[in-house]
Amino acid sequence: MTLDDPNGFMGLFNDAYHAVARAICTLGKQQPPPYFTKPSAKGEKVQKQLEKYPDAKVFDIESALDEAAQQDLVSSNKKLVSVNAPHWLHIKEMSPKIISPKPKFVKLD
């Protein structure tokens with residue numbers, strides 16, 4: 001089961017996918033996909049922009065979409081965080097508990 005997340009990553013991905021797919025269908029003079037795959041208003045703007053450049057190569061379109069995505073907007077730094085564990089979490093060395101008695105042997109004559 002999946003949860004609907006229209007404003008999350010998958011919602012944005014699906015919207016962009018439908019916009020690009022509809023632009024390709026329009027430029028290729030193909031039958032448009034079903035009505036329920038229509039992108040949002042923002043996606044339609046992307047679709048119209050793509051349709052303005054019918055002679056553009058896929059690489060150029062991909063570069064323009066990467067630039068529009070502003071992928072360098074957020075950066076991340078990797079840093080280890082120290083953890084001060086509570087005393088009860090430390091494993092203490094203890095002598096082993098005797099679970100069963102030690103065997104005794106009777107000497108044979």
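Atom set for the values below is all heavy atoms of this structure, side chains included, hydrogens, waters and symmetry mates excluded. Everything numeric here is computed off the predicted structure, so don't read it as measured data.
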For residues 61-70, which residue pairs pass the salt bridge (charged side-chain N to carboxylate O under 4.0 Å, His left out) check, not counting sequence neighbours? none

From Leu50 atom CG to Leu27 atom CG, the distance as rounded to the nearest 0.5 Å: 8.0 Å

Residues passing the side-chain contact (heavy atoms from CB on, under 4.5 Å) test with Lys38, sequence neighbours excluded, are Arg22, Glu44

Counting only N and O atoms by type, is there a donor-acceptor contact under 3.5 Å from the side chain of Asp15 to the main-chain atoms of Gly11? no

In terms of hydrophobic clusters joined by side-chain contacts under 4.5 Å, are Val20 and Leu12 together? no

Suppose we screen for side-chain contact (heavy atoms from CB on, under 4.5 Å). Which residues come up paired with Ala56, at least two apart in sequence or across chains? Tyr53, Ile61

With a 4.5 Å cut-off on side-chain heavy atoms, are Lys48 and Glu51 touching? yes

